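Worksheet: the structure to be examined is printed underneath.
In this text the structure is predicted, and so the values were computed from the model without any measurement. In listed order, ligands and their atoms are each counted from 1.
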Amino acid sequence: MATSIGLVAGVHAQTKAEIEKRAHEIVAKMTLAEKIGQMSQVSIDAVCKGEDTPQGSTVALDKDKLYDVIVNYHIGSILNSPNTRARTPQWWTKTIEEIQHMAMNDTRVKIPVIYGLDQIHGGTYTAGSTIFPHEIALAASFNPAHARKMGEIAAYETRASNVPWNFSPVLDLGSDPRFPRQYEGFGEDPYVGSVFGYELVKGYEGDNNNVGDKNKLAACMKHFIGYSVPISGKDRTPAYIPMPVLLEYHAPAFQAAIDAGVHTVMINSGIINNEPVHASYNLLTKLLREDMGFDGMIVTDWEDINKLYTRDRMVPSIKEAIKASINAGVDMSMIPYDYKEFCALLTELVNEGEVPMSRIDDAVTRVIVLKLKLDLFNTPNTYAKDYPRFGSEEFKQASYDAAADAITLLKNDNQILPLRKGAKILVAGPNAVSKRSLNGGWTFSWQGEKVDEFAGDYHHILSAVEAKFGKENVSYVPGVSYTDAVEYATEYKDRFEEAVAATKNADYIVLCLGENSYCEKPGDLDDLYLNDLQTELAKEMLKTGKKVILVLSEGRPRVISKISSKVDAIVQTYLPGLFGADALANILAGEVNPSGKLPYTYPAFPNSLVPYYHKHSEEQKRSEGVYNYEGDFNPEYHFGYGLSYTTFGYSNLKIDRTSIGKDSNDDITISIDVTNTGKVAGKEVVQLYSSDLYASVIPDTKRLRRFEKIALNPNETKTVTFKLKTKDLSYIDMNNKRVIEPGDFELQIGASSNDIKDKVILTVE
Ligand code: BGC
């Protein structure tokens, strides 16, 4: 085994203090060039040669390029998959082993490289891995155990790929459905994001965050902070977020991940209040490090230092951009190609005294600490052969379970679902035969467009419905493609006629609409309505008078108000992953009782995009005057909403006190009995909201404070008990301080944000 300066091979790092001491010893022996190299991260495309062709792949490391990166420039980190394409665990093992071999044998310092990938819902870049539902669907399950499980499995399968660092979880607040990355996060609620974010970090890193364990890896929370709410709704465009708002809604999930011990963070590529976050000392050093207590490693997002100059024009040169960003607190630059320029310019800046040596040492020490904690010096590689549970049935079951728990029944007129056995079903729509629309972006490639190639064995909706209901009972017609052609009336006339003709012998139409896969900027939208072609297809199907079950697979809630009132049932699958179609078919057949709840507000119109937590002034009722107000809060479906094949009754709300001192640390205990009042077993998500009735900083109408998902057999009753502290009722004041004012709070328990079953007043004194 290779030894490195200041280290004895085979000795495992133990305490934080020991690790930091060893990191300091290593850093003390490094040259400036070696330090700057450790602060640099390049894309693997910069060190590869060969091609991916339909006949096969010749992509491999280019030893000369690699030598330049690793030996001449001392680069400390590599990311990404060549051509953003999934590779086998064996390919990863071998490729990264070669990189580590060079780093630990041919360099003076013998520091292992840290490799990072975006395995954000399972092994995005690992062929054969277990792809889970995206975070948005995990949130809809309202069962945080799925996030923990996905983290554990993704960590295992990523380590099987010889990769110890995952750019996940995404903790961006999903409060704007226009944003093309909404599906990557846990939805619109800060509390849900905190609970799920915490569990996902623990799944990746383990209970004790011992990331040296070869079944665990270092997580990377992202994209700090306020990334998801640009004014335009488009990726990487400016946001305006007052500090109290940033702290109240955007910070909690990141704070929860820090509390969970997350080792690294990636920065928001955008601009907040006219300041790029990558150059914000205030956000990176003051807020993240000093106030929120993050002491891990800060990495930029893709090329974002350069963008301070090339895109944002904050500074007139790349050199100034590097200075601004490193001095703001960035430890590692995802360069990702022009490493020579980054290294040369940062060296100049240090020599000129523009970036203090202390800042460089701080950054490099954090990188080395991370590598020590991952035990990369002693075990630079992990091997596919040592991970026998990779892609196993057990892992697949976990992905299926998450999908089955997430899929959300939004409408079920006259109990049309479950579908009766032997019924004739026409499956229609572009999503019916698409695995892309079930898995979304970040699935075997960046945009998810290669999913059919890698997921050939898994069902799409049509094949899952055929398997469940019998091929003889199921027919299929695509109807339309995703193309946004406006001339659908003429161009698609034939297709519509074909689709209408196909309905002739059907009892039910399972109409599969939504979105194709996308991520980041390519997913930007000009119109949140479901596209015209699909809407038109739905109208044609409805005209036939047949029963229409609308099945949505989509990364964000595309507006469906032109058709929603007319279809008989609506099932939201989100992006349910490789087993989403199976879970859906089981729900359609009644073998699984749906229990997902919306983790966001489903808007009814593109100009009404208000989350469930908003100010009372958003609810100025139409009936209040002679004018026809359009300002009422009236979404298509409310946050926390979802139907079941059974019904639930709520009774016997109890609270153990009617008042509490504002600084008290005592528990407030509130409970309710929930009974399955229907005929089949089912699961209910019991939700506790609070409303601060009056507050000097305008209160939200309500906020989710706790939730619990319970399973009940028919006639069974369970008591659900929640415990709160007064700090759970606090909020950020205009001085950016968390406070609680004396006054009355209404505590409400219900089945959604708009279906409160009972409530009680608690006085805070
Ligand atoms: C994305 C990040 C991702 C990075 C590396 C960027 O474009 O914004 O979320 O981690 O690429 O792939």
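- Residue-level proximity to ligand 1 for Leu79 is carried by the side chain, the only part with a heavy atom below 4.0 angstrom.
- Interface atoms of ligand 1 facing Lys222, defined by a heavy-atom separation under 4.0 Å, are 2 (C), 3 (C), 9 (O), 10 (O).
- Residue pairs satisfying the side chain to side chain donor-acceptor pair (under 3.5 Å) criterion with at least one member in residues 56-65, sequence neighbours excluded, are listed as follows: Asp52-Ser57, Ser57-Arg87, Lys63-Glu98.
- In this structure, the ring of Tyr227 has its center less than 6.0 angstrom from the ring center of Phe179.
- Some N or O of Asp118 is nearer than 3.5 Å to an N or O of ligand 1, by distance alone.
- The residue Gln41 has no part lying near ligand 1, judged by heavy-atom distances below 4.0 Å.
- For Arg236, the heavy-atom gap to ligand 1 drops under 4.0 angstrom.
- Remark: aromatic rings of Trp442 and Phe444 are distant, center separation not under 6.0 Å.
- At a 3.5 angstrom cut-off on N or O pairs, Asn80 does not count as close to ligand 1.
- Between the side chains of Ser269 and Trp302, not a single donor N or O lies within less than 3.5 Å of an accepting N or O.
- Which parts of ligand 1 touch Met266 is read off a 4.0 Å heavy-atom cut-off, strictly below it: atoms 2 (C), 10 (O).
- Considering backbone and side-chain atoms alike, Glu520 places an N or O below 3.5 Å from some N or O of ligand 1.
- Taking a cutoff of 4.0 Å between a charged side-chain nitrogen and a carboxylate oxygen, Arg236 and Asp301 qualify as a salt bridge.
- In this pair, Phe186 and Phe196 present their aromatic rings tilted. The plane angle is within the 30 to 60° band.
- Considering only non-hydrogen protein atoms, atom 8 (O) of ligand 1 sits nearest to Asp301 OD2, 2.6 Å.
- Legend: residues meeting side-chain hydrogen bond (donor to acceptor under 3.5 Å, both in side chains) with Tyr183, ordered by chain and number and at least two apart, are absent.
- For Asp375 and Lys216, the salt-bridge test fails: no basic side-chain N is under 4.0 Å from an acidic carboxylate O.
- Per-residue contacts place His223 under 4.0 angstrom from the following atoms of ligand 1 (heavy atoms of the residue considered): 2 (C), 8 (O), 9 (O).
- Interface of Arg181 with ligand 1, defined as ligand atoms under 4.0 Å from a residue heavy atom, comprises 1 (C), 2 (C), 8 (O), 9 (O).
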